[in-house]
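In this chain, numbering begins with 1 at the start of the sequence shown. Just so we're clear, the structure is a prediction, and the values are computed from it rather than from any experiment.
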Amino acid sequence: VQLQASGGGLVQAGGSLRLSCAASGFAFDGDGIAWYRQAPGKEREAVSCINTRDGATYYKDPVKGRFTISKDNAKNTVYLQMNNLSPEDTAVYYCAAETNGCGSFLWTLVEQYYLWGKGTQVTVSS
């Protein structure tokens, strides 16, 4: 049972990247799948979450209007399309699974997640 994040890389400011989070060994089954990020010297912070049953999406303010989270249940994969990237988006990005379907504010709490993938590095140059 694992999550595998991929798709990170180096991009110039204003550019785009698409991250993927592939689940293996289990089906989403209504879980909330979230993206978090952690910049050097900073705490891990929530970015976005998607309810894998009804497709409801949630975003933190810094990424609203620039990032889009989506899912493909048939492929057991969640995506994070990141547009108009800025150097402030530079971080290691992680995906994680929780059982509340991103309900309420709980998806923003690190301790809600039962499974974390290894991160993928996103670096945005100015």
Side-chain angles (χ1 to χ4, degrees):
V1 175
Q2 63 177 359
L3 294 172
Q4 180 64 52
S6 62
L10 173 64
V11 64
Q12 289 187 333
S16 299
L17 283 173
R18 189 177 82 154
L19 305 183
S20 298
C21 175
S24 60
F26 74 106
F28 288 150
D29 195 26
D31 281 355
I33 302 295
W35 287 97
Y36 272 68
R37 66 187 181 185
Q38 188 166 19
K42 295 187 177 181
E43 293 186 353
R44 193 169 296 191
E45 64 173 357
V47 173
S48 182
C49 191
I50 187 166
N51 182 308
T52 59
R53 176 166 290 122
D54 63 15
T57 58
Y58 304 83
Y59 300 92
K60 293 291 282 184
D61 285 346
V63 306
K64 283 182 180 177
R66 300 187 300 123
F67 291 12
T68 302
I69 192 169
S70 62
K71 63 181 179 71
D72 184 334
N73 284 4
K75 294 183 178 179
N76 258 9
T77 300
V78 167
Y79 304 97
L80 186 69
Q81 177 67 43
M82 305 187 295
N83 297 330
N84 193 22
L85 286 161
S86 72
E88 289 71 33
D89 296 314
T90 294
V92 178
Y93 283 71
Y94 301 87
C95 57
E98 52 91 84
T99 59
N100 290 311
C102 313
S104 185
F105 67 95
L106 297 177
W107 73 272
T108 65
L109 303 179
V110 171
E111 55 267 29
Q112 285 295 114
Y113 295 85
Y114 69 86
L115 183 65
W116 289 84
K118 293 182 180 179
T120 185
Q121 176 71 47
V122 171
T123 303
V124 185
S125 63
S126 58

Inset, instruction - Name all residues meeting the side chain to side chain contact (heavy atoms under 4.5 Å, CB included) criterion together with Ala97; count only those two or more places apart in sequence or in a different chain, and write none if there are none. - result: Leu3, Asp31, Ile33, Tyr114, Leu115
Legend entry - Same apolar cluster: Val11 and Tyr93, side chain cutoff 4.5 Å: yes
Inset, instruction - Would you mind listing every salt bridge (charged side-chain N to carboxylate O under 4.0 Å, His left out) that reaches into residues 96-120, with sequence neighbours excluded? - result: none
Which donor-acceptor pairs under 3.5 Å do the side chains of residues 81-88 make with protein atoms, sequence neighbours left out?
{"from": "Gln81", "atom 1": "NE2", "to": "Asn83", "atom 2": "OD1", "distance (Å)": "2.9"}
{"from": "Asn83", "atom 1": "OD1", "to": "Ser16", "atom 2": "OG", "distance (Å)": "2.9"}
{"from": "Ser86", "atom 1": "OG", "to": "Glu88", "atom 2": "N", "distance (Å)": "3.4"}
{"from": "Ser86", "atom 1": "OG", "to": "Glu88", "atom 2": "OE1", "distance (Å)": "3.1"}
{"from": "Ser86", "atom 1": "OG", "to": "Asp89", "atom 2": "OD2", "distance (Å)": "3.4"}

Inset, instruction - Group every Ile, Leu, Val, Met, Phe, Trp and Tyr by side-chain heavy-atom contacts under 4.5 Å, then state whether Val110 and Trp107 land in the same group. - result: yes
Legend entry - Qualifying disulfide (SG to SG under 2.5 Å) pairs, either residue in residues 97-126, two or more places apart: Cys49-Cys102
Legend entry - Distance (rounded to the nearest 0.5 Å) between Thr99 OG1 and Tyr113 OH: 10.0 Å
Inset, instruction - Please report the closest heavy-atom contact between Gln2 and Phe26, naming both atoms and the distance. - result: O-CE2, 3.7 Å
Inset, instruction - Enumerate the residue pairs fulfilling salt bridge (charged side-chain N to carboxylate O under 4.0 Å, His left out) with a member in residues 67-76, sequence neighbours excluded, ordered by first and then second residue. - result: none
Inset, instruction - Can you tell me which residue pairs pass the salt bridge (charged side-chain N to carboxylate O under 4.0 Å, His left out) test with a partner in residues 7-29, sequence neighbours excluded? - result: Asp29-Arg53
Inset, instruction - Could you pull out all residues at least two apart from Leu106 that satisfy side chain to side chain contact (heavy atoms under 4.5 Å, CB included)? - result: Asn100, Leu109, Gln112
Inset, instruction - Considering only NZ, NE, NH1 and NH2 on the basic side and carboxylate oxygens on the acidic side, decide whether Glu45 and Lys60 come within less than 4.0 Å. - result: no
Inset, instruction - Considering non-hydrogen atoms only, spot the tightest contact between Ala91 and Arg37 and give its length. - result: CB-CB, 3.8 Å
Legend entry - side chain to side chain contact (heavy atoms under 4.5 Å, CB included) involving Ala5 - partner list, sequence neighbours excluded: Trp35, Cys95, Thr120
Legend entry - Smallest separation among heavy atoms of Phe28 and Thr77, with atom names: CE1-N, 3.4 Å
Legend entry - Listed partners of Tyr94 passing side-chain hydrogen bond (donor to acceptor under 3.5 Å, both in side chains), at least two apart: none
Inset, instruction - Measure the CD1-OH distance between Ile69 and Tyr59 for me, rounded to the nearest 0.5 Å. - result: 6.5 Å
Inset, instruction - Look at the side-chain heavy atoms of Ile, Leu, Val, Met, Phe, Trp and Tyr, link any pair under 4.5 Å apart, and say whether Val122 and Val78 land in one connected group. - result: yes
Legend entry - Side chains of Ser6 and Gln4, donor plus acceptor under 3.5 Å: no
Inset, instruction - Indicate the atoms forming the closest heavy-atom contact of Ser48 with Leu80, along with that distance. - result: CB-CD1, 4.2 Å
Inset, instruction - Taking atom types as modelled, find out whether Arg44 and Tyr36 have a side-chain donor-acceptor pair closer than 3.5 angstrom. - result: no
Legend entry - Set of residues satisfying salt bridge (Lys or Arg N to Asp or Glu O under 4.0 Å) with respect to Lys42, sequence neighbours excluded: none
Inset, instruction - Could you list all the ring pair (Phe, Tyr, Trp, His ring centres under 6.0 Å) pairs where at least one residue sits in residues 69-92, not counting sequence neighbours? - result: none
Inset, instruction - Hey, could you give me the OG1/CZ distance between Thr57 and Phe67, rounded to the nearest 0.5 Å? - result: 14.0 Å
Inset, instruction - With sequence neighbours left out, write down each residue that passes side chain to side chain contact (heavy atoms under 4.5 Å, CB included) with Asp54, or none if nothing qualifies. - result: Asn51, Ala56
